[in-house]
2 protein chains.
Amino acid sequence: MKKVTINDIAKKLGVTPSTISRALADNKRVSLKTREMVKKVAKEMGYQPNLMAASLRKGRSDLVGMIVPRINRHFFSNVISGVEEILNPAGYSLLIMQSHEKLRSEVKAVNSLMQNRVAGIITSISSETDDFGHFQYVVDSKVPLVQFDRVSKELTGAKVVNDNYTGAYLATKKLLESGYRRVAHFGGSRLLKAYCERRRGYEDAVKDYFGKVDEGLIMEDVITREAGYLKVKEVAKEGIDAVFCAGDYSAFGVYEGLKELGISISKEFGVAGFGNEPFAEMIYPTLSSVEQQGSEMGRMVARQMIDAINGSGHNIEIVVPVKYIDRDSSGKVL
Amino acid sequence: MKKVTINDIAKKLGVTPSTISRALADNKRVSLKTREMVKKVAKEMGYQPNLMAASLRKGRSDLVGMIVPRINRHFFSNVISGVEEILNPAGYSLLIMQSHEKLRSEVKAVNSLMQNRVAGIITSISSETDDFGHFQYVVDSKVPLVQFDRVSKELTGAKVVNDNYTGAYLATKKLLESGYRRVAHFGGSRLLKAYCERRRGYEDAVKDYFGKVDEGLIMEDVITREAGYLKVKEVAKEGIDAVFCAGDYSAFGVYEGLKELGISISKEFGVAGFGNEPFAEMIYPTLSSVEQQGSEMGRMVARQMIDAINGSGHNIEIVVPVKYIDRDSSGKVL
DNA sequence: CAATAATGTGCAATCGTTTGTATATTTTTT
DNA sequence: AAAAAATATACAAACGATTGCACATTATTG
């Protein structure tokens, strides 16, 4: 079963390949009659265009590359899903690679994508990345680069980020309004802007309530379940009665620590997380958290990419709203 | 900044493009000296091979297509991750599409991948798919097809599935050994083999224990959280004292139902799930479940694909072992 | 030293499209 | 009815690599 090409169709119809090509592309330069005939015959013959040939000739492909730290992370897989949702109907296919948070892998991925002559690259930068040469190369090559979540200001092109600030602000505010008085913050790495923003949201909420922030209540790099567990056991006895965690996993660690200490979550100690992992509403008590709307973010990212490919790209930072989800862990009413 | 081609390198070195091509491919027909020189200059000039041109000429690309129902499902994203882990170092890139459980999308995805002349297609069939013409077309086109998890015997090529049977058997067996006497089964669709296998595992475990199976204890299509919740409220009063669910989500629904009914999980009523979702060890009491080892499965799938691409593909079904994880929900010792 | 083999490189066609320009045909305008 | 404009199709050169075959040079052999 040999692959049928436009030349085969041309031969069968007694016209030239160029006419076939134009007919299939609905070019008005070929008569409507011919166009219909060509399409009919093409379908009959089971013609499948060879996108590689087309891309080679056109100088760009219909592939969009995407590099994320890990595919199997709730947030990232949601973004991917959203991107795909928009990109596919627009005629693009997604080439996905993961960096595993390693700069080396990221560089390799970029090269691989560039060799495939992708129409653009979407990425959320690895946490290890401190040199942006590989991405700068993308930009210099005039290949659209759209960043999301973990973005670098050093690189031009569209950026799409969550409204980490507001999410953190709202989560913290609710803890304060529920009556907790010494609300701590378990943050992430200061190197990642997302965490800085969450911290800022926390600080401003506290400031707006008390007029000042107690720096002693802020702990950095407490982002894993284990870290949350250890840290809360360390500080819970020091008069702290609530914590806003920069991630749901550390919040769950806090749950474990508190249970071990015999401290009642919600009644005696408020907790809020960030990310709204699926388990947030399944644990007891249910965990207040901030939903990141990954799919929505992915859709925005995809739209930016399409614009950029079409030459109407903007060098802007888009902030996607987040949703604070109030559950039992942050209300004293339990 | 114009893209540099092998012709540019050839011109600079005063040789022909063919020599460059061979040198870069480490062909012994060009002298070691020349090869090294070419590579050095290529690097200096920032040469990035054009994979589309190469693929066009060679008649096949280094892209592997993958179609899954949903990217953002824990299990699938793990498989993708595993596939990528093996395929990338081997020089292949992954083109991912989701079917959203729709036949139409699946067909579109297949066409899109075929047009991109992928070297092979990996897929887990949509639950809606009852016609396999699109995949048969892939097989007929001699494009390797590797199926996983949701496979069809109608299609030739490697298949990789979980040992659903054993996982279900072990989970059920543990419930019986813990002393529960009327163990029900909340299963999935009979159309999907995976669920049939889980049911079979349940049945055999019960048979081995009691000598016979009470068909009345088996409920089909109870796979969502909502369904589990409703069903357990309906049947818990009928003397049932445990349930093996074909999925963790329905198991969680069972938790909700039981809590509402005031029935103590584990002490009075045993529960086991399937899938080992992240929340399984975070809920109270922790949920016994069967881990599917998605990444491992992905790695196996990728290896099968590489074999198939290299012409040494087997038309076999590989069974990947699962891991029963015993937690509190299925022991009366709580 | 002639004949043969081995080695390294060049030539040119090819993969399947796209597209600028040319040409042939038809239609419209004056 | 001749000139101009519009329409439809053909021609041929790309795009950037790969590869069978030919050729030239050097090394090996009898």
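So you know, we letter chains A, B, ... as the sequences are listed, proteins then strands, and number each from 1.
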Exercise. Base, sugar-phosphate, or nothing for B/S21, non-hydrogen atoms under 4.0 angstrom?
Worked result: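 Base, at least one base heavy atom under 4.0 Å.
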N/O-N/O pairs, protein side and nucleotides 4-10 of chain C side, under 3.5 Å:
residue	atom	partner	partner atom	Å
C/dT9	OP1	B/T34	OG1	2.9
C/dT9	OP2	B/S31	N	3.1
C/dT9	OP2	B/S31	OG	3.3
C/dT9	OP2	B/T34	OG1	3.1
C/dT9	O4	B/R29	NH2	3.0
C/dG10	OP2	B/T16	N	2.9
C/dG10	OP2	B/T16	OG1	3.0
C/dG10	OP2	B/T19	OG1	2.8
C/dG10	O6	B/R22	NH1	3.1
C/dG10	O6	B/R22	NH2	3.2

Ionic contact status for [Y] with [X], cut-off 4.0 Å:
X      : Y      : answer
A/K193 : A/E317 : yes
A/K39  : A/D26  : yes
A/R299 : A/E296 : yes

Under 3.5 Å, is there a donor on one side chain and an acceptor on the other for [X] and [Y]?
X      : Y      : answer
A/S105 : A/Q98  : no
A/S152 : A/Q147 : no
A/N50  : B/Q115 : no

How close or far is atom [atom2] of [N] from atom [atom1] of [X], stated in whole angstroms?
X      : N      : atom1 : atom2 : result
B/N7   : C/dC11 : CG    : P     : 13 Å
B/Q115 : C/dG16 : CD    : P     : 15 Å
A/R60  : C/dT18 : CZ    : P     : 12 Å

Exercise. What residues, two or more places apart in sequence or in another chain, satisfy salt bridge (Lys or Arg N to Asp or Glu O under 4.0 Å) together with A/K108?
Worked result: none
Problem set entry | Positional range of nucleotides in DNA chain D within the contact set of chain A, heavy-atom, under 4.0 Å |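 Listing 5' to 3', DNA chain D meets chain A from D/dA8 to D/dG16.
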For this session: Output yes when a side-chain donor or acceptor of B/N315 lies under 3.5 Å from a complementary backbone atom of B/G157, and no otherwise.
Result: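 Yes; at least one donor-acceptor contact below 3.5 Å.
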Exercise. Taking the side chain of A/K58 as its heavy atoms from C-beta onward, which of C/dC15, C/dT17, C/dT18 lies nearest to it?
Worked result: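 Looking only at side-chain atoms, A/K58 lies closest to C/dT18.
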